[in-house]
There are 2 protein chains.
Amino acid sequence: MIQLSKKVEYGLIALRHMAIHQQGQIFTAKELANIYDVPYELLAKVLQKLARTGTISSIQGVRGGYMLIKKPSELSISRIIRIIEGEKPMIAECYVDGPDSCSIFDNCSIRRPLGKVQRNLNVLFDKMTIQEIV
Amino acid sequence: MIQLSKKVEYGLIALRHMAIHQQGQIFTAKELANIYDVPYELLAKVLQKLARTGTISSIQGVRGGYMLIKKPSELSISRIIRIIEGEKPMIAECYVDGPDSCSIFDNCSIRRPLGKVQRNLNVLFDKMTIQEIV
DNA sequence: CATAAATACGACTCTAATGGTCTTATATCG
DNA sequence: CGATATAAGACCATTAGAGTCGTATTTATG
């Protein structure tokens with residue numbers, strides 16, 4: 001089973017929601033959680049991460065919330081995954097940092113198959129943006 | 001974190017190994033487990049599944065083992081995943097069987113983002129074959 | 001200025017899936 | 001018969017993931 005985590009799923013849902021609505025509009029975590037029937041706290045954490053990385057801006061206090069500040073076309077799936085999952089939209093660790101991260105990389109025939117799959121997946125997720133899922 | 005299971009990883013490793021060697025050659029599970037330093041029992045189970053589905057043939061008894069009987073170019077990653085993981089190389093359940101599997105499919109804006117990701121991933125994994133990772 | 005409505009953030013629990021092991025049965029070659 | 005394979009299922013242990021809770025902080029507004 002190959003799966004994106006719920007966090008990534010919720011992140012994509014939220015970003016998409018913001019993307020299809022008017023630019024500059026503010027959405028609260030609670031609001032989004034209600035609309036999509038998704039656990040509020042979990043979604044909130046995801047939104048906080050996205051906010052910390054400058055993907056969305058957060059406004060605290062009453063009438064606060066979140067607002068998309070990047071263009072949907074600039075937000076690749078790769079990037080979202082990396083933000084939410086922490087640097088690793090990866091299938092095998094070896095391929096994150098290249099040769100140096102694995103001592104036997106050179107003649108590591110083991111991970112070979114995964115490497116190719118990985119690279120293809122990267123190409124796909126790099127190209128795909130929020131724009132496309134609107 | 002997006003990840004293929006170890007089973008799939010071992011399956012790909014084994015199939016690739018068979019594919020790069022002479023057609024018709026027999027390999028034992030133990031042999032493969034040693035070469036790639038992978039848990040024998042687990043690999044064995046994967047090979048058994050591949051055998052049951054006609055991807056490789058199994059020969060029991062002394063001097064037995066496994067033999068690739070399909071062309072590497074006919075073995076897509078999708079197919080391998082489906083064989084090993086059981087019908088679901090999927091990101092969100094909704095999209096396995098199409099509309100009927102989800103009651104609110106029509107206006108289910110929730111899973112929308114995943115749907116597109118899913119379709120793209122399917123295209124990628126359908127096109128990629130063992131041939132390519134040799 | 002008090003209150004309510006938000007975000008921020010970390011600690012915690014629970015569960016299910018995964019990876020791995022063990023045991024037993026069966027087949028087959030010599 | 002015995003050695004060496006596959007076949008298959010039961011079993012366990014660990015981990016990651018999903019979700020919850022509590023508390024602090026910020027801020028608009030009556």
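Computed from a predicted structure; not experimentally measured. Below, chains carry the letters A, B, ... as their sequence lines are ordered, and counting in each starts from 1.
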Between [X] and [N], is there a contact of a side-chain N or O with OP1 or OP2 at under 4.0 Å?
X	N	answer
B:Y40	D:dT6	yes
B:S58	D:dA7	yes
A:R63	D:dT26	no
B:R52	D:dT6	no

Item to check | Residue closer to the 5' end of DNA chain D, A:P39 versus B:E41 (nearest nucleotide) | outcome: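 Mapping each residue to its closest nucleotide by heavy atoms, the 5'-most match is B:E41.
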Checklist entry - Is a donor-acceptor contact shorter than 3.5 angstrom present between the side chain of A:K45 and the base of D:dT20? => result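 In this structure, the two groups form a donor-acceptor pair.
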Checklist entry - Do side-chain atoms of A:K70 reach the backbone of A:T55 as a donor and acceptor pair under 3.5 angstrom? => result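 No, A:K70 side chain to A:T55 backbone: no donor-acceptor pair under 3.5 Å.
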Hey, does [X] reach any base, or is it just sugar-phosphate, or nothing, if we go heavy atoms under 4.0 Å?
X	result
A:A29	sugar-phosphate
A:Y10	sugar-phosphate
A:I59	sugar-phosphate

Just the rounded figure in Å: distance from [atom2] of [N] to [atom1] of [X].
X	N	atom1	atom2	answer
B:K7	C:dG20	NZ	C1'	10 Å
A:I84	D:dA18	CD1	P	11 Å
B:K49	C:dG19	NZ	C1'	13 Å
B:Q48	D:dA5	CD	P	15 Å
B:K6	C:dT21	NZ	P	13 Å
A:M67	C:dT7	CE	P	13 Å
B:L43	D:dA7	CG	P	12 Å
B:E31	D:dT4	CD	P	15 Å

Checklist entry - 5'-most contact on DNA chain C: B:V62 or A:G61, nearest heavy atom basis? => result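 Comparing both residues, the 5'-ward one is A:G61.
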Next on the checklist: By nearest heavy atom, map B:Q60 and A:Y66 onto DNA chain C; which one lands nearer the 5' end?
Outcome noted: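 This one resolves to A:Y66.
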Checklist entry - Hey, does A:E31 have a side-chain heavy atom less than 4.5 Å from the side chain of A:N34? => result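 No, side chains not in contact.
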Item to check | Shared hydrophobic cluster, B:I35 / B:Y10 (ILVMFWY, side-chain heavy atoms < 4.5 Å) | outcome: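 Same cluster: B:I35 reaches B:Y10 through Ile, Leu, Val, Met, Phe, Trp or Tyr contacts under 4.5 Å.
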Checklist entry - Picking from A:L68, A:V46, A:V134, what satisfies side chain to side chain contact (heavy atoms under 4.5 Å, CB included) with A:L15? => result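 Of the listed residues A:L68, A:V46, A:V134, the side chain to side chain contact (heavy atoms under 4.5 Å, CB included) partner of A:L15 is A:L68.
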Next on the checklist: Given D:dA18, D:dT6, C:dT28, identify the nucleotide with an atom nearest to the side chain of B:T28.
Outcome noted: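 Looking only at heavy atoms from C-beta outward on B:T28, the closest nucleotide is D:dT6.
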Checklist entry - Among side-chain atoms of B:S76 and B:D126, is any donor-acceptor pair under 3.5 angstrom? => result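 Absent: no donor and acceptor within the cut-off.
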